[in-house]
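Below you'll find the structure, written out as structure tokens, and then a few comments.
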Amino acid sequence: KLVGISQEHGELMYIQNAMNSLRKQISYFHPGLKYVRLKKEDVSVKKLLHDHLMFYKAKCEQYGISAKTITAKDVKIRMNVGLFNQVLDNLFSNSFYWLLYSRDELNQIENCEYNLEITADGKLNVWDNGIGISTNIEQDIFNPFVSCKKDGRGLGLFICRNNLENNGSSIRLLRERNEFGNLYKFQINLSNIETKE
């Protein structure tokens, strides 16, 4: 009988943990749901980045990825939070894939690092220390169906660019190259959507 109670307790704990995880995911993606997708609001980029990294904290720890935010200043922007989160999620997803590929498949790096930086002039830089963007596609990286990922659809960065442009912002690939000779750093220009207090 005690074994049965213990088993039931374990199952209840599993269900409770699953519900907590689901609740966390729903709260994160709530701004992107259909009925609020057009709503714009004034938000702190520093807070958005904090929430973004907290959402992926367990995944980063599981796979040995060091993720950090560098903040020269906070920027307040007016944008749909769900759409901005989609941009951050896509950039993280790309970094996650290429970091593990660079470390585990190519053995080109030992430590995986993912960085978000709000610059003093109010731009958001996003980069990792993986191999970077292949020179074969660096000119077309924001075009649809361009990808070097195995089974990649090549739509993520295209959607990111459109989401940002439709909200008065933009994204580009900076021209500096990493130790592998590849472009690697994305920059989101927040100046047109920055709210002046």
Side-chain angles (χ1 to χ4, degrees), residues 45-46 48-50 52-53 55-73 75 77 83-194:
V45 175
K46 184 177 180 180
L48 289 175
L49 299 185
H50 173 267
H52 168 67
L53 290 188
F55 182 76
Y56 287 109
K57 182 180 179 184
K59 188 171 187 176
C60 287
E61 289 175 352
Q62 180 182 353
Y63 289 93
I65 297 172
S66 168
K68 68 178 178 181
T69 302
I70 306 157
T71 308
K73 73 167 193 174
V75 177
I77 59 171
L83 292 180
F84 198 78
N85 282 338
Q86 284 180 3
V87 172
L88 294 177
D89 290 339
N90 183 267
L91 293 172
F92 175 82
S93 176
N94 285 340
S95 281
F96 179 79
Y97 177 90
W98 290 110
L99 281 169
L100 297 188
Y101 183 79
S102 300
R103 183 188 66 191
D104 302 337
E105 300 292 325
L106 299 180
N107 297 312
Q108 293 287 330
I109 60 173
E110 288 184 21
N111 302 310
C112 295
E113 300 171 6
Y114 173 68
N115 302 285
L116 299 155
E117 175 189 32
I118 307 173
T119 65
D121 60 348
K123 294 182 172 66
L124 173 61
N125 294 331
V126 182
W127 77 96
D128 60 65
N129 69 323
I131 57 173
I133 310 297
S134 170
T135 54
N136 297 334
I137 64 167
E138 65 182 32
Q139 299 301 324
D140 303 309
I141 193 70
F142 295 106
N143 293 337
F145 313 116
V146 174
S147 178
C148 286
K149 279 185 187 175
K150 184 181 179 183
D151 302 323
R153 294 177 298 160
L155 292 173
L157 289 173
F158 172 72
I159 292 170
C160 283
R161 185 187 65 183
N162 285 344
N163 279 350
L164 290 166
E165 287 180 352
N166 289 336
N167 280 270
S169 184
S170 61
I171 185 171
R172 67 184 180 125
L173 191 55
L174 295 182
R175 306 319 292 173
E176 69 181 89
R177 297 188 180 271
N178 61 15
E179 61 182 296
F180 307 107
N182 295 320
L183 303 180
Y184 70 105
K185 189 179 286 189
F186 293 93
Q187 184 174 83
I188 299 174
N189 184 352
L190 303 172
S191 61
N192 288 336
I193 57 174
E194 185 176 358

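- Closest approach of Thr71 to Lys46, counting heavy atoms only: CG2-CD, 4.2 Å.
- The CG atom of Asp140 sits 12.5 Å away from atom OG of Ser147, with the distance rounded to the nearest 0.5 Å.
- In this structure, the side chains of Arg177 and Thr135 come closer than 4.5 Å at one or more pairs of heavy atoms.
- To the nearest 0.5 Å, atom CG of residue Asn192 and atom CD1 of residue Ile77 are 12.0 Å apart.
- When the shell of 6.0 Å around CZ of Phe180 is examined, it contains more than 12 heavy atoms from other residues, nucleotides or ligands.
- Counting only heavy atoms from C-beta outward, the side chains of Arg175 and Glu138 approach each other to under 4.5 Å.
- The shortest distance between side-chain heavy atoms of Asn143 and Phe158 does not fall below 4.5 Å.
- Residues Asn167 and Phe84 have side chains not in contact (no heavy-atom distance under 4.5 Å, counting atoms from C-beta outward).
- His50 places none of its side-chain heavy atoms less than 4.5 Å from the side chain of Leu116.
- Atom CD1 of Ile118 is separated from atom OG1 of Thr69 by 7.5 Å, given to the nearest 0.5 angstrom.
- Of the inter-residue distances, the one linking Cys112 atom SG with Asp104 atom CG reads 6.5 Å to the nearest 0.5 angstrom.
- Under a cut-off of 6.0 angstrom, the local environment of NZ in Lys149 is crowded, with over 12 non-hydrogen atoms contributed by other residues, nucleotides or ligands.
- Side-chain contact between Asn182 and Tyr184 is absent, with no heavy-atom pair separated by less than 4.5 Å.
- Side chains of Thr119 and Asp121: a donor on one and an acceptor on the other come within 3.5 Å.
- For the pairing with Phe92, the ring-ring contact (aromatic ring centres under 6.0 Å, His included) check across Tyr56, Trp98, Phe186 returns one residue only, Tyr56.
- Residues Ile137 and Ile133 come closest through the heavy atom pair CG1-CG2, 4.0 Å.
- Between the side chain of Asn129 and the backbone N or O of Glu113, at least one donor-acceptor pair lies under 3.5 Å.
- Each of Ile171, Val75, Val87, Leu88 was evaluated against Leu124; a single residue qualifies, Leu88, per the side-chain contact (heavy atoms from CB on, under 4.5 Å) test.
- Residues Asp89 and His52 have side chains in contact (heavy-atom distance under 4.5 Å, counting atoms from C-beta outward).
- The CZ atom of Arg103 sits 14.0 Å away from atom CD of Gln108, with the distance rounded to the nearest 0.5 Å.
- Residues Cys60 and Ala67 share a closest heavy-atom pair of SG-CB, 4.1 Å.
- The closest side-chain heavy-atom distance from Leu164 to Ile193 is not below 4.5 Å.
- Note that CG of Leu183 and CG of Leu173 are 4.5 Å apart. Values are rounded to the nearest 0.5 Å.
- Annotation for Ser95 and Asp128: closest pair OG-OD2, 2.6 Å, computed over non-hydrogen atoms.
- The environment of NZ in Lys123 is crowded: more than 12 heavy-atom neighbours from other residues, nucleotides or ligands sit within 6.0 Å.
- Across every non-hydrogen atom of Lys59 and Phe96, the tightest pair is CE-CZ, 3.5 Å.
- Side-chain atoms of Ser102 come within 3.5 Å of backbone N or O of Ile131 as a donor-acceptor pair.
- The minimum heavy-atom distance between Ser169 and Ile188, with the atom names listed, is OG-CG2, 3.7 Å.
- No hydrogens or angles considered: a donor-acceptor pair under 3.5 Å links the side chains of Asn94 and Asn90.
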